[in-house]
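The basis for the numbers below is simple: all heavy atoms, side chains too, and nothing from hydrogens, waters or symmetry mates.
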Amino acid sequence: MDFQIPKHVKKIARRVREFVDSEVVPVELELLKSGEELTVERLQELRAKAKAAGLWAPTMPKEMGGMGLSLQEIVPIFEEAGRSLIGPLAIHASAPDEGNMHLLHMFANEEQREHYLAPLVRGEIFSAFSMTEPPPGAGSDPKMLRTTAVRDGDEWVINGHKWFSSNGEVASFLIIMALTNPDVHPYQGATMFLAPIDAPGIEIVRDVPTMGGKDFGGHVEIRYNNLRLPDSAILGEEGQGFMLAQARLGPARLTHCMRWTGIAQRALEIATAYASRRKAFGSRLSEHQSIQWMLADSEMELHAGRLMMHHAAWLLAQGEQARDETSMCKFFIAETVNRVLDRAVQICGGMGISRDLPISVWYEKARAFRIYDGASEVHHSRVAKSVVKKYAAIDVPVATE
Ligand SMILES: Cc1cc2nc3c(=O)[nH]c(=O)nc-3n(C[C@H](O)[C@H](O)[C@H](O)COP(=O)(O)OP(=O)(O)OC[C@H]3O[C@@H](n4cnc5c(N)ncnc54)[C@H](O)[C@@H]3O)c2cc1C
């Protein structure tokens with residue numbers, strides 16, 4: 001077992017850290033102060049700087065303009081980018097584009113690569129992944145998919161209602177999950193389609209207002225009203241929708257964990273700095289044992305989370321599906337990040353609640369991480385089922401028997 005992070009990875013991670021500190025954090029703090037949102041123009045300025053620094057699209061191949069890094073290599077790099085919510089956007093490593101690029105890179109045909117993937121990798125356009133539906137449609141249980149695509153001659157006619165399609169306000173195209181064969185199990189009867197956002201039949205209803213304020217690109221509600229798409233709009237093959245979703249979600253869950261670990265780490269650093277300077281009851285906060293425990297718990301949990309990420313990324317690199325390990329990772333890190341942010345707010349007192357520090361924003365925004373890409377309870381029960389399957393039949397002596 002080798003815990004060494006390769007030198008070239010450490011070097012890139014350091015450069016990403018420097019870029020985030022010098023270019024991204026000042027923009028983040030300015031926006032925090034003014035209460036303004038990040039605009040596409042402002043983001044493109046940052047992106048131009050990231051490209052010039054050679055820090056662009058870490059997971060995409062070099063010949064496409066990316067850095068050609070593997071899932072294992074990006075663990076510390078995405079964490080450094082994730083020290084600011086804007087960092088991953090700036091270096092083109094943010095959700096949902098990063099997961100969508102990965103998906104298209106694996107399954108798009110030549111024409112789709114040229115039309116959608118290439119400009120997406122170059123950062124000329126944005127994308128959205130449209131799977132979740134308002135109740136009673138697909139949410140935690142994706143089998144409840146109600147959006148349909150029905151064949152009509154040589155076209156598909158899509159009807160349905162989705163929401164929380166992140167980036168929908170800025171996206172040039174959508175990846176839509178729809179049921180193409182209601183007569184088989186949804187896992188074999190769903191298909192992914194690629195559609196330009198301005199195609200007739202796509203109605204952007206609204207951006208769903210969310211806790212923590214607006215995220216770049218929004219989380220839009222969409223109605224598909226007789227959206228007509230040709231066969232060539234299918235990503236992969238008809239009936240492969242869930243197989244593709246799984247291929248996207250495994251690594252995408254890990255990259256979310258990497259980015260959020262970055263925010264939690266920065267929050268821990270801010271909380272430690274505050275506790276080391278602020279005095280109460282005759283000593284520094286950092287000298288009170290209950291504060292020390294909070295800091296130590298955050299450090300230990302983040303350390304454990306990092307090891308889990310490295311392990312899950314390594315398993316995926318071996319070609320394993322690592323479903324249990326990615327579930328454990330997503331569950332543990334989503335809960336950890338929320339706990340670390342909660343402790344950081346607590347340690348910083350009124351300052352933690354104020355918008356003078358970014359941790360109050362992160363605290364609110366991180367809450368969704370326990371819900372998207374599989375709610376904590378869903379991952380918890382997956383792991384529980386696995387535990388019972390693995391261990392229940394083992395013949396170990398039970399004391400009461
Ligand atoms: C900020 C944000 C961004 C998002 N981005 C996208 C996106 O880009 N594209 C997209 O398609 N979707 C996106 N989503 C949607 C997200 O994937 C869903 O919210 C998530 O899958 C949960 O589905 P739901 O909201 O319908 O909750 P529900 O399915 O209604 O579940 C509600 C709650 O029930 C509990 N629960 C569910 N199943 C179980 C179980 N088996 N055991 C115990 N408890 C359970 C959990 O606590 C869960 O939080 C996003 C969501 C958010 C908040």
Side-chain angles (χ1 to χ4, degrees), residues 56-61 64 66-75 77-79 81-82 85 87-108 112-113 116-123 125-132 138 142 162 164-177 190 192-195 197 215-220 235-236 240-262 309 312-313 316-317 321-323 326-327 329-330 333-334 368-369 371-375 378-379:
W56 185 250
T59 52
M60 285 294 104
M64 293 192 74
M67 296 167 76
L69 297 168
S70 70
L71 192 65
Q72 279 175 283
E73 289 172 319
I74 62 170
V75 177
I77 294 168
F78 272 40
E79 176 179 339
L85 294 178
L89 276 164
I91 68 160
H92 209 3
S94 60
D97 278 348
E98 184 267 322
N100 292 343
M101 289 192 292
H102 176 65
L103 181 68
L104 291 177
H105 183 52
M106 280 190 297
F107 298 105
Q112 293 166 339
R113 290 174 80 85
Y116 294 112
L117 180 60
L120 183 60
V121 174
R122 290 196 295 267
I125 59 172
F126 297 95
S127 63
F129 186 72
S130 189
M131 178 152 160
T132 305
K162 303 275 190 185
F164 280 101
S165 299
S166 301
N167 249 9
E169 282 195 325
V170 292
S172 294
F173 72 96
L174 299 166
I175 303 170
I176 307 163
M177 181 79 136
M192 278 190 197
F193 293 87
L194 296 169
I197 195 97
D215 290 323
F216 179 82
H219 305 288
V220 305
L235 182 60
Q240 284 189 334
F242 276 98
M243 187 274 280
L244 266 60
Q246 197 50 48
R248 180 186 185 281
L249 281 175
R253 275 184 188 134
L254 285 190
T255 54
H256 268 310
C257 291
M258 299 168 199
R259 288 182 291 256
W260 276 115
T261 297
M309 278 192 285
L316 289 170
Q321 288 203 319
R323 288 193 179 189
T326 49
S327 270
C329 211
K330 165 63 175 56
I333 294 179
F369 185 34
I371 293 172
Y372 58 65
D373 276 359
V378 175
H379 290 294

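Counting heavy atoms from C-beta outward, Thr59 and Leu69 have side chains that stay 4.5 Å or more apart. Within the 4.5 Å cutoff, no side-chain heavy atoms of Leu244 are placed close to those of Ile175. Looking at Arg253 and Cys329, their side chains never come closer than 4.5 Å, going by heavy atoms from C-beta outward. Pro58 has its side chain out of reach of Glu98: every pair of non-hydrogen atoms, C-beta onward, lies at least 4.5 Å apart. Here the side chains of Phe173 and Leu120 are in contact, with some heavy-atom distance below 4.5 Å. Side chains of Met64 and Arg113 form a contact here, defined as non-hydrogen atoms less than 4.5 Å apart.
Between Trp260 and Phe369, the ring planes lie parallel to each other; the angle is under 30°, not in the 30° to 60° tilted range.
To the nearest 0.5 angstrom, His256 atom NE2 is 11.0 Å from Leu254 atom CG. Here Leu117 contributes atom CG and Met106 contributes atom CE; the two are 11.5 Å apart, rounded to the nearest 0.5 Å. Atom-to-atom distance recorded for Gln246:CD and Arg323:CZ is 4.0 Å, nearest 0.5 angstrom. Considering CG of Asp373 and OG1 of Thr255, their distance stands at 8.0 Å, rounded to 0.5 Å. From Met131, atom CE reaches atom CZ of Phe242 across 5.0 Å, with rounding to the nearest 0.5 Å.
Between Leu71 and Ile74, the shortest heavy-atom contact is O-CG1, 3.2 Å. Nearest heavy atom pair, residue Ala313 against residue Val75, reads CB-CG2, 4.2 Å. Of all heavy-atom pairs between Ile333 and Cys257, the closest is CD1-CB, 3.7 Å. Of all non-hydrogen atoms in Ser166 and Ala128, the two that sit nearest each other are O-CB, 3.2 Å. Nearest heavy-atom pair across His102 and Met60 is N-CE, 4.0 Å. Across all non-hydrogen atoms, the minimal contact from Ala93 to Phe78 is CB-CZ, 3.4 Å.
Every residue meeting the side-chain contact (heavy atoms from CB on, under 4.5 Å) condition with Met243, not counting sequence neighbours, appears here in chain and number order: Phe107, Gln240. Judged as a ring pair (Phe, Tyr, Trp, His ring centres under 6.0 Å), and not counting sequence neighbours, Phe164 has no contacts. Applying the ring pair (Phe, Tyr, Trp, His ring centres under 6.0 Å) rule to His379 yields no partners; only residues at least two apart in sequence or on another chain are considered. Phe126 is linked by a side-chain contact (heavy atoms from CB on, under 4.5 Å) to Val40, Leu43, Gln44, Arg47, Asp97, Asn167, Val170, Phe216, counting only residues two or more places apart in sequence or in another chain. Residues that satisfy the side-chain contact (heavy atoms from CB on, under 4.5 Å) test with Ser172, not counting sequence neighbours, are Ile125. For Arg248, the side-chain contact (heavy atoms from CB on, under 4.5 Å) partners are Pro96, Asn100, Leu103, Phe129, Ala252, not counting sequence neighbours.
The backbone N or O of Met177 lies less than 3.5 Å from a partner atom in the side chain of Lys162, making a donor-acceptor pair.
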